Amino acid sequence: MNTLLYILLRRLRLPLTVLIGVYAVSVLGFVLIPGLDDQGQPWRMDFFHAFYFVSFMGSTIGFGEIPYPFTSAQRMWTLVCIYATVIAWLYAIGAMLSVLQDKGFSRLLSTRRFAHHVRSIREPFYLICGFGTTGRDVVTGLEQQGIKSVVIDIDPSRIDALELEQYSLPVVGLCADASLPENLDLAGLQNPCCLGVLALTNDDNVNLSVSIASKLLYPKRIVVSRSENDTTTANLYSFGTDLVVDPFKQFAEYLGLAAHNPQKHLIVDWLIYPQHRPIASTYKHQSGRWILCGYGRFGRALAGTMRAEGTEITIVDPHIDSAISEESASVTGIGTEASTLIQAGVEGAVGIIAGTGNDADNLSIIMTARELNPRLQTVVRQNLDSNELIFERLKADFVMNPGRTIASRILAHLRTPLLAEFLDQAMALNEVDARELIQRINRLVGDDQVRTQAFTLGEDTPAVKEWIESGQVLTLRSLLKSPADRTTDLKCLALLVKRGDHYWVEPGELTELHMGDEILFSGRESDLYQQRWLFENARTLNYVVTGAEPHYGVLSYFFKGTPH
Amino acid sequence: MNREKVVFGFFIILALTLNVGFVLGDIDNPAHHEVFELFLALVVSLICTVLKFGDRSHLGALLLATSLVADLQLIAAAVVWAYAEQISTLGMTDGTMASIVSLAAGALVANIISVVLLVVESASIRR
């Protein structure tokens, strides 16, 4: 039997005992109290009639005094019994209702429903622990790719919010502590359809235990974890976590890129983030001094990145101690007042980063700074999703949303793990190469969204496998031709070829391909779709490489003798 | 001393003693079997069943099962009695009495098992 029934029964012990007791005493009373029959002779009710009478009296149906009119003594006992049974019933029903409405009970009920739902999932899904900004964005992103999510969060209001969100695929959520393995188990950790586990809570220890539990049970399953400090990050990598994102560091790197290397920033933006930005949006990078408002965890990470790039910074923060002021120029204050910004030298700076944890402060900083120096490049951090509208109106050069940035990164990793490796390689490009790469992608794609897809030559690409195993040579050029007409090229670009530990960034068209190579392409959605034919259909591949039209059917066999 | 255990033990043993009291005597002699005793045995048996609700252990499940068996047998006995007294034209006969008592005797066996289980459970607790 299940837990719910046990709890219900356990809570109903006393009410039911009282009910049985009251009924027993009532029945006994009617049997013992002497009455008179219709002839006026002494008569005693038997158990059958007593139970009959008490049954309809207790349920307030009331058929009357049967089989003979009652004596006064019997009526007195009836009075007692009426009140006693009604109270006993009210008590029993009240107790049952209170059990059903009990918070713990309803939580158990919803947990059961959740577990049942998760058990019945037969399509691939991701298990997401933590439903904050990042979690929500990841769920939405996965949904757009048609992948289900199961969510665990410890905050009941977030799970309630989940129910209100309009997802086309049902997303189930459980309000529970994700660090407990039994909760993970309920959420489908052992379900063979679970593709991966994403530990995105804001508690490093929880993320750690989620990752460990998943890796112990299923070493091959993807685990992505959020981590806020280097010790945890190292720990997570030590047992094979596939991707660890440090929100502050990652975001600082991204923001740092925006401030000092717009080209590479655009590459990252195009490949990872869904909103497309035209090439014209890369402003000319000006070297000079930046003002950084807010020196918390995020500000520290950002300052580290910018110093490493050799950019001069001035820090504005309400709490400046000697350790900070020794490292770089600093001003005490929030940065929302003109006096503080002037003190920080806003007239001579090239850009300002409003990176405090308070959205109102950030907005105020940008507004004030712009009035003082209209040519300033402005980068602003958005903390809350609900402020979207105001930040759009602000028209800052960059609006950065840490939660969203990380979500996009995770989604990109889940879609094409090779992409992250490409970006690592791309960061090492010099400025000229980076600009050239942007121009190439832009020529192919225009103002459409840039999409990427990756292939591993092997079982998943039957056409290529067959071709190479037959001993023929396959170059990259063949895979970039249109399956409809081999004289035209697909609007695709090979970004990376990976063979073992070797990478070829922007490989040449004559690169020979081997089994096991991983290739990353980028281009327009429609072209990438056509390209898939080359990998899956042997005839199409044959046509594209040799130019021979595919022959099949009985007639061609009859005339030519050999089928293709 | 656990008050809950006292109440629990009290009702289980009371169910057995009342049952024995009803069954004792010649099987077909209505004078030897008191209807009040059957009534009380049934009520106490029902209370026992409710008290055994919600125990997840294996022994708890077994205890509940014995109680349900006793309830079933005693209710059957009561129904037979009501039929003989109220519906049947023959009234209470020796044969009917014998079947009532044998049904109650079945409940007695279930109650004995229940008490044995209770004793086993108590014996296994070492404190």
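Letters A, B, ... mirror the listed sequences (proteins, then strands); counts begin at 1. Everything numeric in this text was worked out from a predicted model, so none of it was measured.
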Asker: With rounding to the nearest 0.5 angstrom, report the CG to OG1 distance, A/Leu9 to B/Thr49.
Answerer: 11.5 Å

Asker: Give a yes or no on whether A/Trp77 atom CH2 has more than 12 heavy-atom contacts from other residues, nucleotides or ligands under 6.0 Å away.
Answerer: yes

Asker: Pick whichever of B/Phe11, B/Phe53, B/Trp81 has the most heavy-atom pairs under 4.5 Å with chain A.
Answerer: B/Phe53

Asker: Has B/Met92 got more than 12 heavy atoms of other residues, nucleotides or ligands less than 6.0 Å from its CE?
Answerer: yes

Asker: Is it the case that more than 12 heavy atoms not belonging to A/Glu123 sit under 6.0 Å from its CD atom?
Answerer: yes

Asker: Given that the side chain runs from C-beta out, which part of B/Phe36 has a heavy atom under 4.5 Å from chain A: side chain, backbone, both or neither?
Answerer: both

Asker: Can you tell me how far CZ of B/Phe39 sits from CZ of A/Phe51, rounded to the nearest 0.5 angstrom?
Answerer: 8.5 Å

Asker: How many angstroms lie between atom CD of B/Glu85 and atom NE2 of A/His49, to the nearest 0.5 angstrom?
Answerer: 11.0 Å

Asker: Using only non-hydrogen atoms and a strict under-4.5 angstrom cutoff, which residues of residues 16-46 of chain A touch chain B?
Answerer: A/Leu16, A/Thr17, A/Ile20, A/Ala24, A/Val27, A/Leu28, A/Val31, A/Leu32, A/Asp46

Asker: State whether the number of non-hydrogen atoms from other residues, nucleotides or ligands found under 6.0 Å of A/His117 atom NE2 is greater than 12.
Answerer: yes

Asker: For A/Arg75, does the CZ atom sit with more than 12 other heavy atoms under 6.0 Å from it, leaving out its own atoms?
Answerer: yes

Asker: Could you tell me the separation between the CD1 atom of B/Ile47 and the CZ atom of A/Arg13, rounded to the nearest 0.5 Å?
Answerer: 13.5 Å

Asker: Return yes when atom CZ of A/Phe239 has more than 12 non-hydrogen atoms of other residues, nucleotides or ligands closer than 6.0 Å, and no otherwise.
Answerer: yes

